Novice: 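One structure coming up, written as structure tokens, with questions to follow.
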Amino acid sequence: MEQTIIVLGGGPAGLSAAIAARSRDKRVLVIGNPIESSALAKAERVDNYPGLPGLTGMELLEKMQTHAKNMGAEFITGRVIAAMSWGDSYALTVGSEVYQCGALVLTPGVVQTAKYPGEEKLLGRGVSYCATCDGMLYRGRDVVVVGRTEDAPAEANFLQSIGCKVTYIATKKPESLNESIGYLPLGKLEVTGEDRVDGIVLNGEKYPCDGVFILRKAVAPADLLMGLELENGAIRVDRSMTTNLPGVFAAGDCTGRPYQVAKAVGEGLTAGECAVEYLDSKNQ
Ligand SMILES: Cc1cc2nc3c(=O)[nH]c(=O)nc-3n(C[C@H](O)[C@H](O)[C@H](O)COP(=O)(O)OP(=O)(O)OC[C@H]3O[C@@H](n4cnc5c(N)ncnc54)[C@H](O)[C@@H]3O)c2cc1C
């Protein structure tokens, strides 16, 4: 069966990659947050994109998205919370759904995430960003959910449904949170533990727990996909936009400066074409 190319992110780089791959008749799935989340959507006026001066960022984005749709790219609106290699393919988790592909093009833009103390050190050892992926590991155990996304209450309810003892932490108690889940207001937070998470300290008070699910709007690429190499904070790529992982390409702001649409689009084109070549070489 022909394998799909998944493009993570629906900004200029992702849309360009999708158009390039569709031009070679590959099945392309673009998975991205709503279009308004692209950096370009914030530009009042773009005057340096060749051939189309004077458009707002949103107008330019909508033109690119319509183009990709007309070329036959498929779209899913959602946040990818985890990606992992799966044999010679990759699996991406979006909410409770998992999507599989033969080649992956990362175009998440610049992802800014300030981390809590202890979070980085204990990632994968009690700290998780994905309830669907890791929830079963914590059945019957105490977990904390730090809810900073709209779907975080549903994730907390899910964790409770599979037998986790959940405490929910957020700036405001959400109405959709199960009544029986304990709630604490978010404040100064630290994740504690030596080799594994043993609790959190919230506003100076210690709460023991075995797992901490931190659910944010953005997940940094290296946290999304284990083993992905960075260089000066950007995804390391070569001239064919290939990362250090086989079948994984990257383009746009996530590969470093200059943060410009024309650069994102050019890199997206290369990444899309090279993802096609990669799939074709696997099928030979
Ligand atoms: C105010 C402003 C004005 C600008 N003006 C100009 C200008 O005039 N000219 C110019 O050339 N450039 C301009 N830029 C820069 C330009 O917008 C960026 O260089 C360009 O948008 C980069 O494209 P990209 O596809 O790499 O990233 P983005 O456009 O940021 O798109 C990335 C997309 O991926 C999504 N995403 C990230 N992580 C995930 C995930 N885990 N799951 C699902 N989706 C995810 C994001 O939400 C976003 O929608 C401006 C930027 C800003 C902020």
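Source: prediction; values computed, not measured. Throughout, residue positions are numbered sequentially from 1 according to the sequence presented. Note that ligands are numbered from 1 as they come in the structure, with each ligand's atoms numbered from 1 the same way. Note that these values count all heavy atoms, side chains included, but never hydrogens, waters or copies made by symmetry.
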Novice: With no hydrogens and no angle check, do the side chains of Gln160 and Ser180 hold a donor and an acceptor under 3.5 Å apart?
Specialist: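 Yes - a donor-acceptor pair under 3.5 Å links their side chains.
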Novice: Is a donor on one side and an acceptor on the other found under 3.5 Å between the side chain of Thr149 and the backbone of Arg216?
Specialist: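 No, because the side chain of Thr149 does not come within donor-acceptor range (under 3.5 Å) of the backbone of Arg216.
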Novice: Go through ligand 1 atom by atom and flag the ones less than 4.0 Å from a non-hydrogen atom of Lys42.
Specialist: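 In order of number, 1 (C).
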Novice: Which of these passes side-chain contact (heavy atoms from CB on, under 4.5 Å) with Val197: Cys209, Ser128, Pro208?
Specialist: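 Result: among Cys209, Ser128, Pro208, Cys209 is the only option passing the side-chain contact (heavy atoms from CB on, under 4.5 Å) with Val197.
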Novice: Do me a favour and list the nearest non-hydrogen protein atom to atom 21 (O) of ligand 1 with residue, atom name and distance?
Specialist: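 I find the closest protein heavy atom is Leu40 N, 3.4 Å.
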Novice: Suppose I only count heavy atoms of Arg45 and a 4.0 Å limit; which atoms of ligand 1 are within that range?
Specialist: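 Once the distances to Arg45 are compared, the set is 8 (O).
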Novice: Using a heavy-atom cut-off of under 4.0 Å, does the side chain or the backbone of Ile35 touch ligand 1, or both, or neither?
Specialist: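 Answer for Ile35: neither.
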Novice: Among all protein heavy atoms, pick out the one at the shortest distance from atom 37 (C) of ligand 1; state its residue, atom name and that distance to 0.1 Å.
Specialist: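 Checked against all protein heavy atoms, atom 37 (C) of ligand 1 sits closest to Pro108 O, 3.2 Å.
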Novice: Under 3.5 Å between any N/O of Val46 and any N/O of ligand 1: does that happen in this structure?
Specialist: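 No; the residue has no nitrogen or oxygen that sits under 3.5 Å from a nitrogen or oxygen of the ligand.
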Novice: Which atoms from ligand 1 have a heavy atom of Gly252 less than 4.0 Å away?
Specialist: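 It comes down to these atoms of ligand 1: 26 (O).
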Novice: Does the pair Arg239/Glu267 count as a salt bridge with the N-to-O cut at 4.0 Å?
Specialist: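 So Arg239 does not pair with Glu267 through a salt bridge.
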Novice: How many angstroms lie between atom CG of Asp253 and atom CD of Gln260, to the nearest 0.5 angstrom?
Specialist: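 These two atoms lie 8.5 Å from each other.
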Novice: Going by the order shown, which atoms of ligand 1 are within less than 4.0 Å of some heavy atom of Arg79?
Specialist: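 In order of numbering, the contacting atoms are 42 (N), 43 (C).
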Novice: Need the ligand 1 atom indices (1-based, order shown) with element for anything under 4.0 Å from a heavy-atom of Ala43.
Specialist: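 Heavy-atom distances to Ala43 below 4.0 Å select 3 (C), 4 (C), 5 (N).
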Novice: To which of Gly10, Ala39, Pro258, Ala83 does the heavy atom nearest atom 30 (O) of ligand 1 belong?
Specialist: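 Of the listed residues, Ala39 has the closest heavy atom.
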Novice: For the CG atom of Leu104 and the CG atom of Leu225, what is their distance to the nearest 0.5 Å?
Specialist: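 So the gap between those two atoms works out to 6.5 Å.
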Novice: How far is atom 11 (O) of ligand 1 from its nearest protein heavy atom, and which residue and atom is that?
Specialist: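 Checking every protein heavy atom, the shortest distance to atom 11 (O) of ligand 1 gives Val261 N, 2.8 Å.
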Novice: For atom 14 (N) of ligand 1, what's the nearest protein heavy atom and its distance?
Specialist: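 Sorting protein heavy atoms by distance from atom 14 (N) of ligand 1 puts Tyr259 O, 4.2 Å first.
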Novice: Among all the protein's non-hydrogen atoms, which is closest to atom 29 (O) of ligand 1, and how far away is it?
Specialist: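 For atom 29 (O) of ligand 1, the nearest protein heavy atom comes out as Ser38 OG, 2.6 Å.
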Novice: With a cut-off of 4.0 Å, which atoms of ligand 1 are near a heavy atom of Gly32?
Specialist: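 Counting atoms of ligand 1 from 1, those under 4.0 Å from Gly32 are 43 (C), 44 (N).
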Novice: Report yes if some N/O of Ala264 lies less than 3.5 Å from some N/O of ligand 1; otherwise report no.
Specialist: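 Not met; the criterion fails.
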Novice: Is any side-chain N of the basic residue among Asp210 and Arg139 closer than 4.0 Å to the acidic one's carboxylate O?
Specialist: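 No salt bridge links Asp210 with Arg139.
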Novice: If you have a sec, work out which protein heavy atom is nearest atom 36 (N) of ligand 1 and how many Å separate them, to one decimal?
Specialist: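 Among all protein heavy atoms, the one nearest atom 36 (N) of ligand 1 is Asn33 ND2, 3.5 Å.
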Novice: Residue-level breakdown please: for Leu8 versus ligand 1, do any non-hydrogen atoms fall below 4.0 Å on the side chain, on the backbone, on both, or on neither?
Specialist: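 Just the side chain.
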Novice: Closer than 3.5 angstrom, by distance alone: can the side chain of Ser16 be matched with the main-chain N or O of Gly268 as a donor-acceptor pair?
Specialist: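 Absent.
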Novice: Under 4.0 Å between a Lys/Arg side-chain N and an Asp/Glu carboxylate O for Arg45 and Asp47?
Specialist: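 Here Arg45 pairs with Asp47 in a salt bridge, since their nearest N and O are under 4.0 Å apart.
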Novice: So, are Glu36 and Lys42 salt-bridged, with charged N and O less than 4.0 Å apart?
Specialist: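 No, Glu36 and Lys42 are not salt-bridged.
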Novice: For Phe213 together with Tyr138, are the ring centres under 6.0 Å from each other?
Specialist: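 Ring centroids of Tyr138 and Phe213 are less than 6.0 Å from each other.
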Novice: Counting non-hydrogen protein atoms only, what is the nearest one to atom 34 (O) of ligand 1? Give residue, atom name and distance.
Specialist: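 Answer, as residue, atom name and distance: Gly9 CA, 3.3 Å.
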Novice: Any N/O of Pro12 closer than 3.5 Å to an N/O of ligand 1?
Specialist: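 Between Pro12 and ligand 1 (N or O atoms, distance only) the closest approach is under 3.5 Å.
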Novice: Which option wins on minimum heavy-atom distance to atom 7 (C) of ligand 1: Val265, Leu61, Asn48?
Specialist: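 Ranked by closest heavy atom to atom 7 (C) of ligand 1, first place is Asn48.
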Novice: Judged by non-hydrogen atoms, does Gly78 sit under 4.0 Å from ligand 1?
Specialist: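 Flag set, Gly78 near ligand 1.
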Novice: Please list, in number order, the atoms of ligand 1 under 4.0 Å from a heavy atom of Thr107.
Specialist: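 Numbered from 1, ligand 1 contributes 32 (C), 33 (C), 34 (O).
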Novice: Could you tell me whether a side-chain N or O of Lys282 sits under 3.5 Å from a main-chain N or O of Asp88, the two making a donor and an acceptor?
Specialist: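 At least one qualifying donor-acceptor pair exists.
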Novice: Do other residues, nucleotides or ligands put more than 12 heavy atoms under 6.0 Å from Lys206 NZ?
Specialist: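 Counting neighbours around NZ of Lys206, more than 12 heavy atoms of other residues, nucleotides or ligands fall under 6.0 Å, so yes.
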Novice: Measure the distance from atom 20 (C) of ligand 1 to every protein heavy atom, then report the residue, atom name and distance (to 0.1 Å) of the closest one.
Specialist: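 Sorting protein heavy atoms by distance from atom 20 (C) of ligand 1 puts Asp253 OD2, 3.9 Å first.
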Novice: Taking the six-membered ring of Tyr168 as reference, does the cationic atom of Lys173 (NZ for Lys, CZ for Arg) lie under 6.0 Å from its centre and within 45° of its axis?
Specialist: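 That pair does not qualify as a cation-pi contact.
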